[in-house]
Every structure is written in C-alpha cells, then in structure tokens.
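Computed over heavy atoms, backbone and side chain alike; hydrogens, waters and symmetry mates excluded. The first residue in the sequence is number 1, and the count goes up from there.
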Amino acid sequence: MKKAASTLLTAALAATTLLSCAKDDDRKQNTYVLVHGAWQAPYVWDEVRDDLSRKGNKVVVVELPGHGKDTTPTYTLSLDIYRDKVIKELSAVEGPVILVGHSMGGMVVTAVAETVPARIRKLVYIGAFVPQSGQALAEISDPDSQLGPSLIPSQDQLTIDVKKEDLASLFIADGSAQAKQLVLDNYRAEPAIPFTTKVTLTEAHFGTVDKVYIKTLQDKVISPGLQDKMITAAGIGTIYTVNTSHSPFLSQPHQVAELLLKSAQ
C-alpha cells in the first residue's frame with residue numbers, strides 16, 4: 001500500500017515538473033516579424049526563419065510593397081505605405097512581437113514603433129538605418145559607404161538600380177557562390193520615393209520601445225562608423241556584432257538567428 005502511494009506521489013511530482021517545464025517553454029516562445037531592406041525581398045530570411053521556427057517561435061516575414069512578387073505601382077509607394085503593411089501584419093498576431101528590420105527596413109520598423117509602440121516587445125536593427133526625428137533615409141549621410149557610385153536612378157526618378165557587377169560585392173561579399181546568385185536572381189530595382197519620406201518620432205512613443213542593434217562589421221553599404229553614430233543618437237544600449245558584410249542572414253544565418261533569440265531575453 002505504502003509502495004503504491006509512493007509510486008503515485010512520484011508520478012504526480014513528475015507530472016508537475018513536466019507541466020512547469022512546458023509553461024517555461026511557452027514563455028520562451030516569441031513572435032518575430034522580419035522586415036527586409038532595399039533591393040531585397042522575403043527570401044533573404046528563409047534560413048533565419050527556419051532556425052527560429054525550429055525553436056518553437058512564430059515567424060512572420062513581411063513582403064514590402066514593390067518588392068519580391070508584389071506589383072504595387074512604384075509611384076504610389078512611400079515609407080508610410082511600408083509602415084502600414086507591417087502594422088497590418090502585426091494586427092494578425094497576438095501579443096507584442098520582436099520586430100526586426102534590416103537596412104532600409106530600419107526606417108520602416110522605426111515608423112512602426114512610433115505608431116504602435118505597445119505592439120513591440122523588442123525592436124531589433126540589423127545593419128539598419130535608425131533615423132532621428134525629421135529625417136528621411138536620403139538625408140542620412142554616410143561618407144564611408146561604397147554604395148553611392150553604383151547607384152543608377154531611372155529617368156522618371158521612380159526607381160534606383162544598383163550596377164549588376166557591384167551587387168554581390170556590396171551586399172554579400174562574404175557569402176557563398178550560391179548566396180550571391182540568390183541575390184542576383186531575386187534582384188529588383190528599388191522604389192525611390194520612400195527614400196524621401198521623413199519620420200516624426202517622439203519620446204512618448206518610439207522612445208519607450210526597447211531597442212537592440214546588431215552591427216555588421218564588414219558592411220560596405222551602411223558603414224560601421226555610421227552604425228555607431230546612429231546607435232549613439234538613438235540611445236541604444238544593447239549591441240551585438242556579426243563579422244559580416246551587409247547581408248548576414250545570407251552569409252551567417254545561424255549566427256543571426258542565435259542573436260535574435262538572445263535579443264528576446
């Protein structure tokens with residue numbers, strides 16, 4: 001009788017422990033919303049998304065209008081349109097999210113954070129622009145960037161191309177041949193108007209969001225020097241680094257996924 005009671009007690013304790021562990025695991029699950037940058041599209045996040053999903057997280061990859069397979073007319077686009085697309089994606093998920101922006105996507109997630117700060121648990125920038133209030137992307141000066149000489153504006157000023165021969169070396173110099181080809185195969189000219197949209201930021205909204213910056217130390221597009229200036233101006237205290245060029249999610253996706261998991265803690 002005593003043995004049976006002891007067995008039942010042991011089983012009950014084991015079940016309680018398992019339930020507690022399950023609850024702990026649930027608390028560790030997060031929703032990540034990933035926003036790509038200029039001249040890129042959702043495909044860049046594929047491996048990072050898979051890593052995060054395998055850890056039990058929900059992952060939403062945003063396709064900005066005018067990118068990837070989206071056919072929104074270029075002349076209708078603005079940073080506000082990008083912002084609203086991300087907010088629409090946020091409205092489809094429950095609870096605060098970890099919102100991640102790369103490059104030009106940093107402008108987008110910043111505008112989102114100003115508009116719906118309560119929906120964002122962490123705001124993560126990866127080699128991204130962090131504007132000050134009143135700035136447009138086109139107004140953020142980076143004398144050490146190597147991108148400028150490779151840019152080709154269209155005659156109607158609605159799009160901007162990057163010289164094909166420079167694309168891989170600028171965006172993914174440290175990537176495999178396969179990753180470089182992926183960038184070339186998925187390339188589209190970038191809508192130009194959103195580069196001129198200014199953001200208005202306030203301490204009461206954007207200022208309340210917890211921020212993380214992942215620096216890209218070998219970046220030729222957004223120089224490490226500019227990244228440091230933007231980090232300081234925005235008062236970002238949590239900083240990680242990846243020793244990569246501008247597209248770490250393609251050259252070192254597993255490291256990026258680990259840093260995103262770390263950022264959520």
Q: Can you run down the side chain to side chain donor-acceptor pair (under 3.5 Å) pairs that involve residues 103-117, sequence neighbours left out, and say none if there aren't any?
A: Ser103-His246, Thr110-Tyr125, Glu114-Thr202
(Q) Walk me through whether Val60 and Leu34 qualify under side-chain contact (heavy atoms from CB on, under 4.5 Å). (A) CA-CA 6 Å; Val60 177; Leu34 310 179; over 6 Å; no
Q. Ignoring hydrogens and geometry, is there a side-chain-to-backbone donor-acceptor pair from Ser169 to Ala173 under 3.5 Å?
A. no
Q) When rounded to the nearest 0.5 angstrom, what is the spacing between CD1 in Ile222 and CE in Met230? A) 5.5 Å
Q.
Do Leu261 and Lys55 have side chains that approach each other closer than 4.5 Å (heavy atoms only, starting at C-beta)?
A. yes
Q: Please report the shortest heavy-atom distance between Tyr43 and Asn186, naming the atom on each side.
A: CE2-CB, 3.3 Å
Q. If you round to the nearest 0.5 Å, how far is CZ of Arg83 from NZ of Lys88?
A. 14.5 Å
Q) Between Tyr187 and Ile160, which heavy-atom pair has the shortest distance, and what is it? A) OH-O, 4.2 Å
Q | Tyr75-Asp156 side chain donor-acceptor pair, cut-off 3.5 Å | A | no
**Q.** Point-to-point distance, once rounded to the nearest 0.5 Å, from OG1 of Thr216 to CG of Asn243
**A.** 10.0 Å
Q.
Give me the atom names and distance for the closest heavy-atom approach of Val48 to Pro253.
A. CG2-O, 3.6 Å
Q: Locate the shortest heavy-atom distance separating Val93 from Val97; write the atom from each residue and the value.
A: CG2-CG1, 3.8 Å
Q: Could you tell me how the ring of Tyr82 sits relative to the ring of His67: parallel (under 30°), tilted (30 to 60°) or perpendicular (over 60°)?
A: perpendicular
Q | Donor + acceptor pair across side chains of Gln218, Asp174 (<3.5 Å) | A | no
Q: Identify the residue among Asp51, Asn57, Asp50 that makes a side chain to side chain donor-acceptor pair (under 3.5 Å) with Arg54.
A: Asp51
Q. Just wondering, are more than 12 heavy atoms of other shown residues or ligands nearer than 6.0 Å to NZ in Lys58?
A. no
Q) Do you see a donor-acceptor pair shorter than 3.5 Å between the side chains of Ser247 and Gln40? A) yes
**Q.** Non-hydrogen side-chain atoms of Thr74 and Thr76 separated by less than 4.5 Å
**A.** no
Q) So, are Lys198 and Glu139 salt-bridged, with charged N and O less than 4.0 Å apart? A) yes
Q: For Glu47 and Phe249, run side-chain contact (heavy atoms from CB on, under 4.5 Å): C-alpha distance rounded to whole Å, both residues' side-chain angles, the deciding distance at 0.1 Å, then the answer.
A: CA-CA 7 Å; Glu47 290 193 62; Phe249 31 72; over 6 Å; no
(Q) Under a 3.5 Å cutoff, is there a donor and acceptor pairing between the side chains of Asp219 and Ser245? (A) no
Q) Which atom names give the shortest non-hydrogen contact between Pro191 and Pro194, and what distance separates them? A) O-CD, 3.8 Å
Q) Given side chains that start at C-beta, do those of Lys122 and Thr238 come closer than 4.5 Å, heavy atoms only? A) no
Q. Just by modelled atom types, is the Trp39 backbone N or O under 3.5 Å from a matching donor or acceptor in the Glu190 side chain?
A. yes
Q: Before giving the answer on side-chain contact (heavy atoms from CB on, under 4.5 Å), spell out for Lys220 and Leu147 the whole-Å C-alpha distance, their side-chain angles and the decisive distance to 0.1 Å.
A: CA-CA 7 Å; Lys220 299 177 183 179; Leu147 177 61; over 6 Å; no
Q. Do other residues, nucleotides or ligands put more than 12 heavy atoms under 6.0 Å from Glu165 CD?
A. yes
Q: Give, for atom OG1 of Thr200 and atom CZ of Phe206, the distance between the pair rounded to the nearest 0.5 Å.
A: 12.5 Å
Q) Quick one: which of Ile126, Val130, Thr241, Val124 gives a side-chain contact (heavy atoms from CB on, under 4.5 Å) with Tyr213? A) Val130
Q.
When you compare the side chain of Ile98 with that of Thr31, does any pair of heavy atoms fall below 4.5 Å?
A. no
Q. Are Leu158 and Leu79 connected in a single hydrophobic cluster, I mean Ile/Leu/Val/Met/Phe/Trp/Tyr linked by side-chain heavy atoms less than 4.5 Å apart?
A. no
Q: Return yes if some donor-acceptor pair links the side-chain N/O of Ser251 with the main-chain N/O of Gly175 below 3.5 Å, else return no.
A: no
Q | Pairwise distance NE2(His254) to CG(Leu259) - rounded to 0.5 angstrom | A | 13.0 Å
Q. Any link between Val221 and Ile152 through a network of hydrophobic side chains (Ile, Leu, Val, Met, Phe, Trp, Tyr) touching at under 4.5 Å?
A. no
Q. Would a 4.5 Å heavy-atom cut-off, applied to side chains only, mark Pro131 and Met107 as touching?
A. yes
Q: Using distance alone, with no hydrogens and no angle criterion, decide if Asp80 and Ser78 have a side-chain donor and acceptor under 3.5 Å apart.
A: no
Q: Go through the steps to decide whether Asp142 and Asp144 satisfy the test side-chain contact (heavy atoms from CB on, under 4.5 Å), and finish with yes or no.
A: CA-CA 5 Å; Asp142 187 359; Asp144 296 321; 3.9 Å; yes
Q) Is Arg188 reaching over with its side chain to a backbone N or O of Gly68, donor-acceptor style, under 3.5 angstrom? A) yes
Q: State whether the side chain of His36 and the backbone N or O of Leu64 hold a donor-acceptor pair below 3.5 Å, judged by distance alone.
A: yes
Q: First locate atom CZ of Arg119, then atom CD of Glu94, and finally report the distance between them rounded to the nearest 0.5 Å.
A: 9.0 Å
Q: Considering non-hydrogen atoms only, spot the tightest contact between Ala257 and Leu52 and give its length.
A: O-CD2, 3.8 Å
Q) Got a donor-acceptor contact below 3.5 angstrom from the Tyr32 side chain to the Leu260 backbone? A) yes
Q. Is Asp228 paired with Lys215 through a side-chain N to carboxylate O contact shorter than 4.0 Å?
A. yes
Q. Less than 4.5 Å apart, any side-chain heavy atom of Ile140 and any of Leu226?
A. yes
Q: Flag the pair Glu63 / Asp70 as yes when at least one side-chain heavy-atom distance between them is below 4.5 Å, and no otherwise.
A: yes
Q) Going hydrophobic residue to hydrophobic residue with side-chain gaps under 4.5 angstrom, can you get from Phe195 over to Ile193? A) no
Q.
A side-chain contact here means heavy atoms from C-beta on lying under 4.5 Å apart; do Leu217 and Thr244 qualify?
A. no
